[in-house]
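In what follows, chains carry the letters A, B, and so on, assigned in the order in which the sequence lines appear, proteins first and then strands, with residues in each chain numbered from 1.
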Number of protein chains: 2
Amino acid sequence: MKTRDRILAAALELFNQQGERKVTTNHIAAHLEMSPGNLYYHFKNKQEIIFELFLSYEERVDANLQVPTDRLLTIEDKLNYLQKVFQGLWEFRFIHRDMEHLLLGEERLHSRYREFFRRCQKNTEAIYFGLREANIIEISDRDLEGLALNTWIVVTSWFSFLQCNLLSDPEESITLEMLKAGIYQIFQLERPYLSDEYRASANAMQQAFIPKPDWL
Amino acid sequence: MKTRDRILAAALELFNQQGERKVTTNHIAAHLEMSPGNLYYHFKNKQEIIFELFLSYEERVDANLQVPTDRLLTIEDKLNYLQKVFQGLWEFRFIHRDMEHLLLGEERLHSRYREFFRRCQKNTEAIYFGLREANIIEISDRDLEGLALNTWIVVTSWFSFLQCNLLSDPEESITLEMLKAGIYQIFQLERPYLSDEYRASANAMQQAFIPKPDWL
DNA sequence: ACATTATTAGAGTGATTACTCTAAACTGTC
DNA sequence: GACAGTTTAGAGTAATCACTCTAATAATGT
């Protein structure tokens with residue numbers, strides 16, 4: 001792997017593990033047994049690294065939220081979206097966790113992130129429109145917008161929530177159970193809008209994500 | 001006002017304005033035209049200040065979420081809870097905004113926060129139980145738990161969401177419109193569970209919080 | 001073999017920042 | 001007004017960290 005890519009990979013790994021604030025550029029270099037000078041040969045500063053990682057994340061999410069134009073959405077699609085989104089969320093979990101301060105004084109990243117959010121909203125709404133068209137949910141336009149926004153908030157806050165409220169030891173890591181619970185919560189948001197026709201099968205699907213009684 | 005309280009007030013103000021990370025202890029002292037030595041005479045370190053501010057917040061929220069035992073809940077109570085919670089959220093907005101990193105390596109604060117969260121969850125559930133008892137909402141036990149958790153997430157993430165996704169300029173501040181939209185979103189979470197009897201009046205109540213079409 | 005360019009090492013620096021230390025000023029009491 | 005205790009000033013410090021600079025080494029082309 002190219003040095004540049006190794007730096008990105010190491011930065012991502014360390015950021016996810018410890019949070020961006022705790023990971024210094026020297027730390028990243030040391031992790032790769034490389035000099036700081038070398039790191040700065042490839043990236044002009046730390047923000048540059050973060051920006052590139054964000055671009056990867058963005059590309060990935062955009063790809064994950066496409067709506068097929070040649071067919072109606074199915075209930076399996078819905079599950080699929082969720083799983084892909086949560087997978088991406090996990091692999092780049094430092095992003096939403098540290099967003100507040102990643103954006104501090106970073107106009108370029110901030111405006112890019114705002115556009116990213118709007119695009120995601122549009123895509124999420126498109127997915128819900130698709131589900132409505134396929135008669136899987138019944139929902140008014142206005143409610144759909146509100147639902148899409150709440151979905152965004154819960155999805156993007158899920159790992160922060162886990163970190164702050166559930167993990168006692170920073171060494172303790174997030175379990176599969178906790179990840180599943182996130183998907184369960186999104187199902188929960190959509191559930192009231194399920195059509196009679198699909199209620200049973202959607203509920204059956206959600207069963208697999210019920211967290212254990214004591215997970216919280 | 002006592003010096004100690006002036007320090008707390010100034011710290012809260014600056015933290016809310018600029019985020020905890022950007023506000024140094026020297027900065028707080030300078031804002032009060034006071035020496036750093038003086039500040040450290042009253043607080044042994046920065047975390048002590050943060051901890052005390054958190055205690056105030058905690059006390060306030062706990063008080064705001066009590067359920068009356070001598071009567072049934074009304075639909076006005078519901079609105080009242082929301083308004084009080086959002087008011088507290090606003091006055092201590094740095095807390096949830098910077099939570100992730102406030103907790104870094106702060107075992108005392110972290111465990112206290114975890115307990116606070118659990119207590120809030122219990123209280124939120126108690127409120128929803130109360131609304132169910134008063135026939136305002138119809139909801140199963142399991143759905144109620146999911147609803148309470150989603151409520152917590154949306155409420156505590158609301159100002160982060162605004163900061164990251166809506167404000168372009170850090171100087172730009174949060175408008176009343178944006179605050180109202182947060183309350184609207186919580187209404188939105190509960191809406192599907194409204195009983196036939198109360199649907200109309202709850203919806204009428206929510207009308208006041210519909211954000212302007214272009215707010216987003 | 002030689003020249004040129006790309007990559008790397010690693011010591012070092014300047015800025016920031018949480019916090020300390022000592023002495024001075026204030027406050028109340030007898 | 002002397003003494004004791006409390007509060008304040010303000011210079012200073014040690015640690016951290018993003019980033020720089022110079023020189024050495026590797027890679028590439030001719």
Side-chain angles (χ1 to χ4, degrees), chain A residues 1-54 94-95 98-110 170, chain B residues 1-54 94-95 98-110 170:
Chain A
M1 202 175 0
K2 286 287 200 199
T3 305
R4 202 185 146 83
D5 296 324
R6 288 174 56 229
I7 295 172
L8 286 172
L12 178 58
E13 185 190 334
L14 295 174
F15 288 165
N16 279 338
Q17 262 171 33
Q18 308 174 38
E20 184 270 343
R21 188 179 190 182
K22 281 199 97 172
V23 177
T24 71
T25 47
N26 288 356
H27 195 151
I28 298 168
H31 186 77
L32 291 164
E33 292 173 332
M34 162 190 295
S35 65
N38 194 1
L39 187 148
Y40 279 90
Y41 172 77
H42 291 282
F43 293 92
K44 80 168 191 286
N45 53 34
K46 195 182 178 185
Q47 281 120 35
E48 197 67 29
I49 299 177
I50 294 166
F51 192 73
E52 290 238 357
L53 287 174
F54 175 74
F94 85 97
I95 288 188
D98 299 338
M99 186 51 71
E100 186 79 30
H101 119 248
L102 293 182
L103 297 182
L104 258 183
E106 287 300 308
E107 203 29 64
R108 190 175 55 144
L109 182 57
H110 198 158
Chain B
M1 202 178 354
K2 287 286 201 201
T3 306
R4 200 184 148 83
D5 295 325
R6 287 175 58 230
I7 295 172
L8 286 172
L12 178 59
E13 184 189 335
L14 295 173
F15 288 165
N16 279 338
Q17 262 171 34
Q18 308 175 36
E20 183 272 342
R21 188 179 190 182
K22 280 198 101 175
V23 177
T24 72
T25 47
N26 288 358
H27 194 149
I28 298 169
H31 186 77
L32 292 164
E33 291 172 334
M34 162 190 296
S35 65
N38 196 0
L39 187 148
Y40 278 92
Y41 172 76
H42 291 282
F43 293 93
K44 78 168 194 285
N45 53 36
K46 193 181 179 185
Q47 281 119 36
E48 198 65 28
I49 300 177
I50 295 166
F51 192 72
E52 291 237 358
L53 288 174
F54 176 74
F94 84 97
I95 288 189
D98 298 338
M99 186 50 71
E100 186 79 29
H101 120 250
L102 294 181
L103 297 181
L104 258 183
E106 287 298 309
E107 201 31 63
R108 191 174 56 141
L109 182 57
H110 198 158

task: Show the numbers, then the answer: is there a side-chain contact (heavy atoms from CB on, under 4.5 Å) between B:F43 and B:T25?
output: CA-CA 10 Å; B:F43 293 93; B:T25 47; over 6 Å; no

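For A:S35, the side chain to side chain contact (heavy atoms under 4.5 Å, CB included) partners are A:N38, not counting sequence neighbours. Listed by chain and number, the residues in a salt bridge (Lys or Arg N to Asp or Glu O under 4.0 Å) with A:K44 are A:E48 (sequence neighbours excluded). Looking at residues two or more places apart in sequence or on another chain, you find a side chain to side chain contact (heavy atoms under 4.5 Å, CB included) between A:Q18 and A:L14, A:K22, A:V23, A:H27.
Interatomic distance, CG of A:N45 versus CG of A:L39, reported as 10.5 Å (0.5 Å rounding). A distance of 6.0 Å separates CD1 of B:I49 from CZ of B:F15, quoted to the nearest 0.5 Å. In this structure, the separation between NE2 on A:H31 and CD1 on A:I7 is 12.0 Å, given to the nearest 0.5 Å. To the nearest 0.5 angstrom, A:Q47 atom CD is 9.0 Å from A:L109 atom CG. The distance from atom CG of B:L104 to atom CG of B:D98, rounded to the nearest 0.5 Å, is 11.5 Å. Atom NZ of B:K46 and atom OH of B:Y40 lie 8.0 Å apart (nearest 0.5 Å).
To the nearest angstrom, P of C:dG10 lies 11 Å from CD of A:E33. Atom NZ in B:K2 sits about 13 Å away from atom C1' in C:dC26, given to the nearest Å. A:N38 places its CG atom 12 Å from the C1' atom of D:dA26, with the value rounded to the nearest Å. One interatomic measurement links the two molecules: CG of A:L39 to C1' of D:dC17, which rounds to 13 Å at whole-angstrom precision.
At D:dT8, none of the side-chain N or O atoms of B:Y41 fall inside 4.0 Å of OP1 or OP2 (strictly under the cut-off). Between C:dT8 and A:H42, a contact under 4.0 Å exists linking OP1 or OP2 to a side-chain N or O. When the side-chain nitrogen and oxygen atoms of B:S35 are compared with OP1 and OP2 of D:dG10, none of them lie within a distance under 4.0 Å.
Comparing the start and finish of the helix from C:dA1-D:dT30 to C:dC30-D:dG1, five pairs each, the helix axis swings through 10°, to the nearest 10 degrees.
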Listing time: all N or O pairs from protein to nucleotides 16-20 of chain C that are below 3.5 Å?
unit_1	atom_1	unit_2	atom_2	d
C:dA18	OP1	B:K46	NZ	3.3
C:dA18	OP2	B:T25	N	3.0
C:dA18	OP2	B:T25	OG1	3.4
C:dC19	OP2	B:Y40	OH	3.2
C:dC19	OP2	B:K46	N	2.9
C:dC19	N4	B:N26	OD1	3.3

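Near DNA chain D, defined here as any heavy-atom distance below 4.0 Å, the residues from residues 3-10 of chain B are B:T3, listed numerically.
Within the structure, salt bridge (charged side-chain N to carboxylate O under 4.0 Å, His left out) contacts touching residues 4-13 of chain B (residues at least two apart or in different chains) are B:R4-B:E52.
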